[in-house]
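Along the sequence shown, the residues carry numbers beginning at 1. Just so it is clear, the values below take in all heavy atoms, side chains as well, and ignore hydrogens, waters and symmetry mates. Computed from a prediction, not measured in an experiment: that's the story for all the values here.
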Amino acid sequence: ASDVYKRQGINLTLIHGVQDTCVSIKQAHYYCDNTKGKVNKIILHEADHFSMLPHDGHWRLEEWQQIKEIIRQNIGALDSA
């Protein structure tokens, strides 16, 4: 985990796909476990490194819709804070 997150306790949302072969799910768990801030860890079991964001036709609409909803919810939470 970044030293900034460890020292300052910055809240974050981490979204990771279990099928990701570029970044191990273990690394995502480690990152979340070693931060001081509040962590909203979202694990997508069918997602890989490239399937969550639209690019080059190698993505899944369902996962992109889920990401957009998470973003909407987080922005909405800012309005009520």
Distance-minimising heavy-atom pair for [X] and [Y]:
X: T35; Y: V39; answer: OG1-CG2, 3.0 Å
X: A28; Y: L14; answer: CB-CD2, 3.9 Å
X: N11; Y: K38; answer: OD1-N, 2.7 Å

First locate atom [atom1] of [X], then atom [atom2] of [Y], and finally report the distance between them rounded to the nearest 0.5 Å.
X: E63; Y: L44; atom1: CD; atom2: CG; result: 6.0 Å
X: Q19; Y: H49; atom1: CD; atom2: NE2; result: 14.0 Å
X: I70; Y: I42; atom1: CD1; atom2: CD1; result: 3.5 Å

* Structure fact -> Residues joined to V18 in its hydrophobic cluster, side chain to side chain under 4.5 Å directly or through other members, sorted by chain and number, are I25, I43
* Would the number of heavy atoms belonging to other residues, nucleotides or ligands and lying under 6.0 Å from CD of Q73 be above 12? -> yes
* **Heavy atoms from other residues, nucleotides or ligands near NZ of K68 exceed 12 (cutoff 6.0 Å)** => yes
* To do: Would you tell me whether K41 and H16 have side-chain atoms, one donor and one acceptor, within less than 3.5 Å of each other?
  => no
Just so I know, are the side chains of [X] and [Y] near enough to count as touching, which here means a heavy-atom distance under 4.5 Å?
X: T21; Y: D48; answer: no
X: E69; Y: R72; answer: yes
X: Y31; Y: V23; answer: no
X: R60; Y: E46; answer: yes

* side chain to side chain contact (heavy atoms under 4.5 Å, CB included) partners for L61, two or more places apart -> W59, Q65
